[in-house]
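Atoms considered below: every heavy atom in the structure, side chains included; atoms not considered: hydrogens, waters and symmetry mates. Order of the sequence lines fixes the chain letters, A, B, ..., with proteins taken first and strands second; residue numbering starts at 1 for each chain.
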Amino acid sequence: MKNIDDIIERYLNDGLSTTELTEFKQLLETDKALETKVKQELMIKMALEAHEKDAFKQQLKGLKQHKIIPLKNNRKRQWLSIAAAIALLLIPAFQFFQHSNTQIASQYYEKDESIASQLLSPDEAQSPYNLAMNAYRNENYSLASEQLLAIKNNARATYTLGHTYYLSKNYQKGIEQFKAVIKSQNPEYLEKAEWYLLLSLLKMNQTNGEFHTLLAGIIDKNGVYRESAKAIQAKLSSNWRFK
Amino acid sequence: MSIFRKINPPKGCDLKYTSTQIVAAYAHPAQLELIANQVVGDLFLCQYFKNQVTWFVKNNGGKLEDVEDFIQESLFIVKKNLLSHAFKGADLTSYTIGIARNSWLNIIKKKKKIPLVDIGDDQKAAYVISNIKEPTPNQEEWRIIQEEENNKSKYLLTILKDCLSDKQIKLLSSKYIQKLSYVEIAAELHYKSADAAKNAAMDARKKIKNCIQQNPRYSDLLASFNV
């Protein structure tokens, strides 16, 4: 068998031919290491499916069941009901097209997990940086901010501080931190800081000249965030939205 | 005569997309997920679908409390089938009811070895259901099956969260469950390139495998899998 990983994947997705299946099952009976490997793959597959299913169920729970309210045979009430029904029908239509600035920002903001995994060596476990990163990972943003403020002249700390402020809804302070990172011109965090500054400005409804210059700059740069920035630009220019 | 005088229970579901429109959307992957979400949302709110499934489950060994969860399970399969283009354009309500019936038969089969029917074959499923000769699980047996399934799901979720970051879970889900290409994943999850996304996915797989191997708590669960 040529590529065992491919065969295992097809086996778990019922994609093997009858001959391949017989051959593979025989191999499974004799090769314990292979059996363990297949079990691991199956476990990962089922875990991912359980995760998808869980997310799907949460999504469905968000939908409210319509209630049927009996109406009296009253002409005035009937017209009111028709008007209400039309309004109810229009609400989802408007919601579908509506993208407020703050909603767009939330849609594109994603917590940067990569910074939290960059811990210092174990003998520096109690350093403000490590304490801050652990707090950030555990979503204790006030503690994370406190520790990060103690670190001076460090682009990574300033960048993380921008996120902790954003995540604790202190967007204006977040904007200041992301701007400071951009000013430092640290190549490792520059692109990210620009992107998150854009989202923070959007969150604060500060879609002035500075915002549009930044947006155009991200699109022109052709970097990681180009497509997302273009999508935001398209949404902002849509007529079907509330500011 | 007033239009409000008599309200008959609806016979079908109020769906915003027809089967033809859904199949046509297969050519537009960017819109498909949005449409699939709308379809399952409409079906979830459809009283006719709920009544059919409730009647069926209650008459085949289930309890009323099981129905809500079971409906969600069935709709999850429907969404997966829409995203993987497995739905070929039959009447969507009947198709979904067929999926629910087959899923229920699968559950019963696990316990009682009832012959399986193909998923989506509504008429065949209905025939088998009406001709079930073997007893369905009793209430206690059903409770145990459900509890085992729920515990297993919860445990599997714990493993994922223990071993991987949120972004890594999203990455593997996008690749192996939603079957997105690395190009699509890179755009969605902000990786610099498709190769970067592929490397990250390989790292995440290695990480979870090591995590399973190194954690004795997971060995019992691993041993319980039949392959």
Side-chain angles (χ1 to χ4, degrees), chain A residues 8-9 11-13 25 28 34-57 59-66 68 70-75 77-78 81-82 92 96 108 110-114 116-117 137 192 195 223-228 231, chain B residues 2-5 7 16 34 37-38 40-41 44-45 47 50 68-69 71-73 75-76 79-80 152-161 163-170 172-173 175-178 186-193 196 205 208-209 212-213 218 221-227:
Chain A
I8 293 173
E9 194 181 334
Y11 171 70
L12 295 177
N13 290 307
K25 279 193 170 172
L28 264 182
L34 177 66
E35 190 192 357
T36 309
K37 193 174 163 73
V38 175
K39 280 185 177 184
Q40 277 180 352
E41 293 292 342
L42 179 62
M43 194 165 164
I44 295 169
K45 184 173 180 261
M46 288 181 70
L48 290 169
E49 274 175 0
H51 176 261
E52 276 293 299
K53 207 178 277 186
D54 189 56
F56 177 74
K57 286 183 177 181
Q59 199 183 334
L60 282 184
K61 272 182 196 161
L63 292 170
K64 299 266 184 251
Q65 182 60 278
H66 296 302
I68 299 165
L71 295 170
K72 287 181 184 173
N73 192 12
N74 174 310
R75 188 164 291 271
R77 278 195 173 201
Q78 284 176 14
S81 307
I82 291 168
F96 181 78
Y108 284 89
E110 194 180 326
K111 183 182 173 184
D112 191 342
E113 298 284 357
S114 64
S117 60
R137 198 165 36 212
K192 286 181 173 185
W195 172 244
V224 183
Y225 300 107
R226 183 171 191 258
E227 292 307 314
S228 302
Chain B
S2 163
I3 55 165
F4 295 101
R5 192 162 288 167
I7 302 171
K16 288 185 183 60
L34 196 71
N37 281 338
Q38 179 72 57
V40 290
F44 183 67
L45 296 176
Q47 200 56 49
K50 282 190 175 170
E68 185 76 15
D69 196 48
I71 282 175
Q72 293 178 359
E73 297 273 340
L75 291 177
F76 181 70
K79 185 178 170 187
K80 258 172 65 176
K152 204 168 189 175
S153 288
K154 275 183 196 163
Y155 202 33
L156 286 166
L157 279 176
T158 313
I159 294 171
L160 267 192
K161 285 178 181 166
C163 300
L164 300 174
S165 71
D166 287 350
K167 187 165 185 178
Q168 285 172 320
I169 296 173
K170 218 176 200 177
L172 292 184
S173 264
K175 180 63 196 163
Y176 298 101
I177 304 294
Q178 294 169 24
E188 185 142 321
L189 299 181
H190 307 308
Y191 285 101
K192 283 186 180 167
S193 63
R205 286 183 72 81
I208 192 170
K209 278 184 187 173
I212 292 168
Q213 274 169 358
Y218 304 145
L221 183 65
L222 192 66
S224 76
F225 283 105
N226 290 320
V227 293

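- Contact detail for A:A47 and B:L160: the closest heavy-atom pair is O-CD1, 3.4 Å.
- Between the CG atom in B:L75 and the CD atom in A:Q59 there is a gap of 11.0 Å [rounded to 0.5 Å].
- Heavy-atom distances place both the backbone and the side chain of B:L222 under 4.5 Å from chain A.
- Using a 4.5 Å cut-off between heavy atoms, A:E227 makes no contact with chain B at all.
- Interatomic distance, B:L172 CG to A:I44 CD1, rounded to the nearest 0.5 Å: 8.0 Å.
- Interface residue B:I177: only side-chain heavy atoms are found under 4.5 Å from chain A.
- Of all non-hydrogen atoms in B:K79 and A:F56, the two that sit nearest each other are CD-CE1, 3.7 Å.
- When heavy atoms are compared at a cutoff of 4.5 Å, B:Y155 does not approach chain A at all.
- In terms of heavy-atom pairs under 4.5 angstrom with chain B, the leader among A:L12, A:T36, A:V38 is A:V38.
- Ranked by heavy-atom pairs shorter than 4.5 Å toward chain A, the options B:Q213, B:K154, B:K192, B:K209 are led by B:K209.
- Heavy atoms from other residues, nucleotides or ligands lying under 6.0 Å from CD of B:E188 number 12 at most.
- In plain terms, the two heavy atoms of A:K39 and B:A223 that are nearest each other are NZ-O, 3.4 Å.
- Using a 4.5 Å cut-off on side-chain heavy atoms (C-beta onward), B:S173 and A:H51 make contact.
- Considering CE of A:M46 and CG of B:L157, their distance stands at 11.0 Å, rounded to 0.5 Å.
- Shown here is B:K170, whose NZ atom has no more than 12 heavy atoms of other residues, nucleotides or ligands within 6.0 Å.
- Distance check: B:K175 NZ to A:L48 CG gives 13.0 Å after rounding to the nearest 0.5 Å.
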Between A:M43 and B:I159, does the side chain to side chain contact (heavy atoms under 4.5 Å, CB included) criterion hold? Intermediate values first, please.
CA-CA 10 Å; A:M43 194 165 164; B:I159 294 171; 3.2 Å; yes
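- When side chains are defined from C-beta on, A:K57 counts as touching B:D69, because their heavy atoms get closer than 4.5 Å.
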Might you work through the side chain to side chain contact (heavy atoms under 4.5 Å, CB included) test for B:S153 and A:K53, ending with a clear yes or no?
CA-CA 9 Å; B:S153 288; A:K53 207 178 277 186; 6.0 Å; no
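- Side-chain contact between B:D166 and A:K111 is absent, with no heavy atoms from C-beta onward closer than 4.5 Å.
- Heavy atoms of A:L28 lying under 4.5 Å from chain B belong exclusively to its side chain.
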Are A:K45 and B:Y176 close enough, and set up right, to give a side chain to side chain contact (heavy atoms under 4.5 Å, CB included), and what steps lead you there?
CA-CA 8 Å; A:K45 184 173 180 261; B:Y176 298 101; over 6 Å; no
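- Interatomic distance, CG of B:L189 versus CD of A:E110, reported as 6.0 Å (0.5 Å rounding).
- For B:K80, the NZ atom sits in a loose shell: 12 or fewer heavy atoms of surrounding residues, nucleotides or ligands are nearer than 6.0 Å.
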